[in-house]
Amino acid sequence: MSYLRITTKFFGEIDISEKCLIHFDKGLPGFPEEKQFVLLSHGEGSPFVILQSTGNLEVAFILISPFTVMPHYEIQITDSVKQELKIQETEDVQVWSIVVLREPISESTVNLKAPVILNTKMNKAQQVILEKGDYSTRHPLVILQSNAEQGAGE
């Protein structure tokens with residue numbers, strides 16, 4: 001098994017297995033040249049993960065499952081996205097949303113309109129803009145904060 005040493009925005013230099021590389025054939029909106037990323041845990045028990053570019057340490061995004069923010073979140077993955085990501089089984093799919101942290105933290109938002117779809121079996125991903133649904137690119141992180149407050153009181 002081969003490992004790569006990469007420099008990350010939040011964790012410094014780390015070694016990652018090549019098996020963990022995630023390929024974005026089209027890059028990400030605004031970052032079309034960044035096509036190879038890795039998902040890094042934010043820490044045990046944290047709902048966040050970091051999507052780190054392997055080629056540019058400054059390109060890293062904080063992600064959260066949209067279902068953590070909105071339990072009834074629903075999306076329809078188009079046939080073209082399924083083909084591009086080579087999705088065959090639903091259980092191979094993870095859906096992530098990009099978080100924008102702000103000060104104060106209560107002003108932080110989640111992009112529910114353009115989720116990152118990941119085929120975990122093929123390690124291929126794409127950020128898609130949903131055509132249907134009333135989801136916002138700046139949905140408040142309110143439910144997460146509510147859950148965190150409940151967890152803190154237990």
Side-chain angles (χ1 to χ4, degrees), residues 1-2 4 6 8-11 14 16-102 105-148:
M1 184 179 323
S2 298
L4 297 174
I6 65 169
T8 68
K9 183 173 184 174
F10 299 108
F11 307 112
I14 62 170
I16 58 167
S17 167
E18 287 188 6
K19 289 176 32 181
C20 297
L21 297 176
I22 298 169
H23 304 279
F24 286 74
D25 291 343
K26 298 178 180 177
L28 287 167
F31 302 91
E33 69 285 352
E34 300 298 329
K35 298 187 178 193
Q36 187 169 277
F37 288 81
V38 63
L39 271 182
L40 304 170
S41 172
H42 184 259
E44 189 174 329
S46 172
F48 302 106
V49 296
I50 308 297
L51 182 65
Q52 173 68 56
S53 167
T54 61
N56 184 341
L57 77 99
E58 293 300 323
V59 179
F61 302 94
I62 299 171
L63 306 181
I64 191 169
S65 167
F67 306 102
T68 301
V69 177
M70 180 177 282
H72 301 293
Y73 183 74
E74 288 184 11
I75 63 168
Q76 188 78 34
I77 300 173
T78 64
D79 289 342
S80 65
V81 171
K82 288 178 185 174
Q83 289 175 354
E84 289 171 9
L85 297 180
K86 302 184 185 310
I87 294 172
Q88 295 181 345
E89 303 292 334
T90 306
E91 54 268 14
D92 297 332
V93 176
Q94 289 183 353
V95 180
W96 297 97
S97 292
I98 294 176
V99 174
V100 177
L101 294 177
R102 302 182 197 284
I105 196 74
S106 60
E107 299 294 322
S108 297
T109 59
V110 178
N111 184 345
L112 296 178
K113 183 74 174 174
V116 173
I117 310 299
L118 169 63
N119 179 343
T120 58
K121 190 173 186 178
M122 301 299 290
N123 280 3
K124 293 178 68 73
Q126 186 176 119
Q127 185 175 18
V128 299
I129 298 172
L130 301 177
E131 295 177 13
K132 296 182 180 175
D134 293 330
Y135 298 121
S136 168
T137 58
R138 295 183 176 195
H139 183 83
L141 207 48
V142 173
I143 293 174
L144 173 65
Q145 291 168 346
S146 176
N147 289 343

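Distance check, rounded to the nearest 0.5 Å: CZ of Phe11 to CD1 of Ile50 gives 5.0 Å. The distance from atom CG of Asn56 to atom CZ of Phe37, rounded to the nearest 0.5 Å, is 8.5 Å. Note that the OG atom of Ser108 and the CG atom of Leu101 stand 4.5 Å from one another [nearest 0.5 Å]. Atom CG of residue Leu85 and atom OG of residue Ser80 lie 9.0 Å apart, to the nearest 0.5 angstrom. Rounded to the nearest 0.5 angstrom, Lys82 NZ and Asn119 CG are separated by 12.0 Å. Within the model, atoms NZ of Lys26 and CG of Leu28 stand 12.0 Å from one another, a figure rounded to the nearest 0.5 Å.
In this structure, the side chain of Asn111 does not engage the main chain of Ile98 through any donor-acceptor pair within 3.5 Å. Of the possible polar contacts, one joining the Gln127 side chain to the Ala114 backbone as a donor-acceptor pair under 3.5 Å is found. For the pair Lys113 (side chain) and Leu130 (backbone), a donor-acceptor distance under 3.5 Å is present. Judged by distance alone, with hydrogens and angles left aside, the side-chain atoms of Thr54 form a donor-acceptor pair with the main-chain N or O of Gln36 at under 3.5 Å.
Contact of the Trp96 side chain with the Leu51 side chain is not registered, since no non-hydrogen atoms from C-beta on lie closer than 4.5 Å. Residues Ile77 and Val93 have side chains in contact (heavy-atom distance under 4.5 Å, counting atoms from C-beta outward). Residues Leu63 and Val99 form no side-chain contact, since every pair of their non-hydrogen atoms from C-beta on lies 4.5 Å or further apart. Side-chain contact between Asp92 and Ile87: absent, with no pair of heavy atoms (C-beta onward) separated by less than 4.5 Å. Counting heavy atoms from C-beta on, the side chains of His139 and Met70 come closer than 4.5 Å. Side-chain contact between Lys121 and Glu89 is absent, with no heavy-atom pair separated by less than 4.5 Å. Within the 4.5 Å cutoff, no side-chain heavy atoms of Pro66 are placed close to those of Val110. Between Val38 and Ile14, the closest side-chain pair of non-hydrogen atoms is not below 4.5 Å.
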Go through the steps for Leu118 and Ile22 under the test side chain to side chain contact (heavy atoms under 4.5 Å, CB included), then give the verdict.
CA-CA 8 Å; Leu118 169 63; Ile22 298 169; 3.7 Å; yes
Do Phe31 and Phe61 pass the ring pair (Phe, Tyr, Trp, His ring centres under 6.0 Å) test, and can you show the C-alpha distance, the side-chain angles, and the key distance before you say yes or no?
CA-CA 12 Å; Phe31 302 91; Phe61 302 94; 5.5 Å; yes
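Counting non-hydrogen atoms of other residues, nucleotides and ligands closer than 6.0 Å to CD of Gln88 gives a total of 12 or fewer. At most 12 heavy atoms of other shown residues, nucleotides or ligands fall within 6.0 angstrom of atom CD in Gln76. The local environment of CZ in Arg102 is crowded, with over 12 non-hydrogen atoms from other residues, nucleotides or ligands closer than 6.0 Å. By the neighbour-count criterion of 12 heavy atoms within 6.0 Å, atom CD of Glu131 is sparsely surrounded, having that number or fewer from other residues, nucleotides or ligands.
A donor-acceptor contact under 3.5 angstrom links the side chains of Glu34 and Ser53, judged on distance only.
The shortest heavy-atom contact between Lys124 and Glu84 is CE-O, 3.1 Å. The shortest non-hydrogen separation linking Ile75 to Pro115 is CD1-CG, 4.4 Å. Residues Phe48 and His42 approach most closely at O-CB, 3.0 Å, considering heavy atoms. Of all heavy-atom pairs between Lys35 and Asp25, the closest is NZ-O, 3.3 Å. Tyr73 and Phe67 make their closest contact through O-CE2, 3.1 Å (heavy atoms, listed as atom of the first residue, atom of the second, distance). Between Leu39 and Gln94, the shortest heavy-atom distance links the atoms CD1-OE1, 4.2 Å.
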